[in-house]
Amino acid sequence: MKKEGQEAIIQMHQVHKRFRTSRGIVHALNDINLEIFAGEVVTIIGPSGSGKSTCLRCINRLETIDSGDIIVDGIPLKGKHNVNQIRAEVGMVFQSFNLFPHKTVLENIMLAQRVVRKRRKSVASEKAHMLLQKVGIPEKADAYPSQLSGGQQQRVAIARALAMDPKIMLFDEPTSALDPEMINEVLDVMQDLAREGMTMVVVSHEMGFARAASDRTIFMDGGKIIEQNDPDNLFDHPQHERTQAFLSKIL
Amino acid sequence: MSENQFVEPPVPFIDRVIFLAKTLPWWAIILVIGLVLVGYSMLVSDERRDVMDYLIDRPVLNTDELYDVTYEVDAEVLLVSESYLVIDAYDDRLTVFLQDLISREEGVLECPADAPADCLSQRGTVITYRQYDIPTGAEPSDTYSFDAGVLDQQENMLTVRLATGDTLEIDTAWVTAEREGLLACDRVANSTCENFRGRVVTFERPYVIAQAIEVRGDAHIRFLEDGYERTIRPVFIKETREGVLSCDDDAPADCVEIPATYVTIPERITGVEIESKRDYVRVRVVAQETIEIPRNRILDINMGTVECDEDIDPRCQNFEGTLVDVKGEVVEGRLTLEDRTHYRIQPPGQKEAIRYRRSDIVEETRTPENCAATDQDPPCMIVIRFEETTLGGRIIQEIDNMIVLETVPEKVFKIQKDDITKTSRRVPSTCALNNPRACNEGIFLTLIVTFSAYALALMIGLMVGVGRVMHNPVIYHLSTLYVELIRGIPLLVLLFVFAFVIGPEMRDGRLFGLDIPILSDFISGFYKQLNSIEVRILGFESFLSEAILGLAVGYGAFLGEVFRAGIQSIHRGQMEASRSLGMSYFQSMRHVILPQAIRTVLPPLGNDFIALLKDSSLIMVLALPDMFFRGRSYASESFRYVDVYTGVALYYVAMTLLLSLIVRQIERWARLP
């Protein structure tokens, strides 16, 4: 997907991030250098605690970084003033859905459109219905999140993020909290999205999705990027021994 | 299949009531039954009903009292300085009749020999006039004679003391009579004077020529239309115009037009508004009453001057009419209640007892003797007689057994709306369904204080609660300080602090002992505003706003902690999700976190509301006439401690029960699916 002469839409340059915990300082991100181009679908895999979620959360500044630079869509992530502007352009889907329980599905999708994008109610509502159609649950518009299954909730969460017309979508283990039979309905939506050319960064262990939809797979461990390659090569011919050890356990 | 098949028949009303009752918790049903039983037993007894009535400010269905409206209009009146001068001689202000004026010239007014040391000679208009040294209240006539006690005599000069306590020097030639005896002191004129015993002389005082007075700009004013005269202060004058006072058509032939000054002053017209049209209003200043007097009550009928009540209408005029002396009314019945000011008497054969003011009663007899209202067997019977009165008016009808008297004629003013410069209304003080604004004591004050303090406390609590979860260190520490400080002060102490420390400080434009010049006007202005609101609510100045502020600040700390707990109970993923959609911190708070947090904290909020309702009885210590205060004063007058405090407790239980049911219902509505 990389085109000649094109600026990367996400640039991470020598990013360091440390957490202070009761057991001492954890180096969550250690010298991350990463470029992701528009239209690219990148999956990040790695053992738990390897920093892959932190890396993702840094991109829309849910976590701050200690040193280094992150440039998203040409805007450097420094200072406070441009944070909301960038976040509006970067959609995020969480492992635990985080739908707003006091609002209906429709209101969940309309809220940020109304508050941030200042769209009129009719426009926001039309957009919400269109997105619900797209994720395959148009009939649930007036239901509350607690009345939906996990897979449906996650699809609503995707629709909610898409309603802001983001340039980038971040997925933080979107299927980990789901029953196995609901995983596919979410992955289908994500694959459709990938096919439409959305820039996506996905933290996931779904090999099937990685192989079918992603352009590049990154393996992280101990806060470092160990290896990155196209998914078929990475899964079939891992170069690094840490990667080999990890893949042998999950495949 | 036809859809009509599924239409349910309407649920009968009784079924709906039963369904509603079934949703009540068991404790509520038991309490309701208890309340109904106790309440019934309180209400069937007349004395107890009076207690219950008193606690809730004695509401009535309808009050006949009407709004008193005061319209201020600019009236042009004539300034007449031809008959009076008002003069300013040092510290005395005197009125001089022009007929007494001897000379008038510009000059210097020198200090008299007995003037105080700081007296300064003044330049101005100096007049010389005849002075009558007469005691206050005496009417001017040709000769004046006084009794006076002789204190000292030197040759032909006597030093005497008048009944008013004033000492004078008089010439022995003026004395017309002399005796040994007592001269009683006029305690109305001088409360500290003493009776004189000894040589008392009666003397006649001729006119005295006095001099040296400065004329100031103050003047008497005569209204053109009805000749009523009064003094006004120059500050009220809005406009001055020079003109002439022309003679009327029916003026005598020797009438001359004289120069006069017209001034415009605000005039107040107070009365009951009886008609309001687009461009004018009609205000009844004096109502005409028609009185039916049974002949057997009439003692005497005379012709005479019916004096009007100048308190009601300062411009009213006495008129010639009939004066009827009337025997005092006699009422007989069973005494059902007595307190310091009123009796309640139930006439035989009637169900309702009637209240009479004790001060109007001149004579009473009780059977058995010295019985009291609380006696049941035998009941206390009483006969009361009212004072003899004289009714004045015009007889408009004479029937066999009664005459009908019409009192002062009605007086109605028509005021053009364009002329009105200021309008103010006085709300009648009777609490009634058609006048709910006067319902401001007893249970109503309890509710007013509770609701307003709670609304304020909610606002404070919300701000403090959000402040306690914010990362801004200044806001966080200020909120924490507030919570810790206020939670450490008992509510009762807090009320006193607000009433006697912060209130007076605010009045002086200070806060916490700091005198900040920029804020001081704002603070004292705010305090004044609060004061005017409380006067509007209660009708008098009180500690009402201080009490409400104290309760609100005290409960704000508790509610702040409730809100903080509520906000922290919301999973942080909610904040992350809404921030990731591009909403700011405050947008996320408002649209995502707080709506959920408030649902979570509804039960503790409801509990605190009920607690505040009960704690509002503490305002009694600031002499605010809430339900408890009224109950206590009633009990101390009537000694009905059992009835009063049972009644107070009953009302509180009823209110809290109702409130907790309402809170339950709100929780049910707010519950998420």
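Per chain, numbering begins at 1; letters A, B, ... match sequence-line order. Treat the numbers as computed from the prediction; the structure is a model and nothing was measured.
Heavy atoms from other residues, nucleotides or ligands lying under 6.0 Å from CZ of B/R487 number more than 12. Around CZ of A/F19, the count of heavy atoms belonging to other residues, nucleotides or ligands within 6.0 Å exceeds 12. Few gaps surround CH2 on B/W27; more than 12 heavy atoms of other groups in view lie less than 6.0 Å from it. More than 12 heavy-atom neighbours from other residues, nucleotides or ligands sit within 6.0 angstrom of CD on B/E667.
Residues of residues 94-123 of chain A that come closer than 4.5 Å to chain B, counting heavy atoms only, are A/F94, A/N98, A/L99, A/F100, A/P101, A/H102, A/K103, A/L111, A/A112, A/V115, A/V116, A/K118, ordered by residue number. Of all residues in residues 562-579 of chain B, those placing a non-hydrogen atom less than 4.5 angstrom from a non-hydrogen atom of chain A are B/H571, B/R572, B/G573, B/Q574, B/E576, B/A577, B/S578, B/R579.
Note that CD1 of A/I59 and OG of B/S580 are 13.0 Å apart. Values are rounded to the nearest 0.5 Å.
Interface remark: B/R599 contributes side-chain atoms only to the contact with chain A (heavy atom separation under 4.5 Å).
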Inset, instruction - Could you please spell out the steps behind the side chain to side chain contact (heavy atoms under 4.5 Å, CB included) verdict for B/L581 and A/R160? - result: CA-CA 8 Å; B/L581 288 166; A/R160 182 177 68 176; 3.7 Å; yes
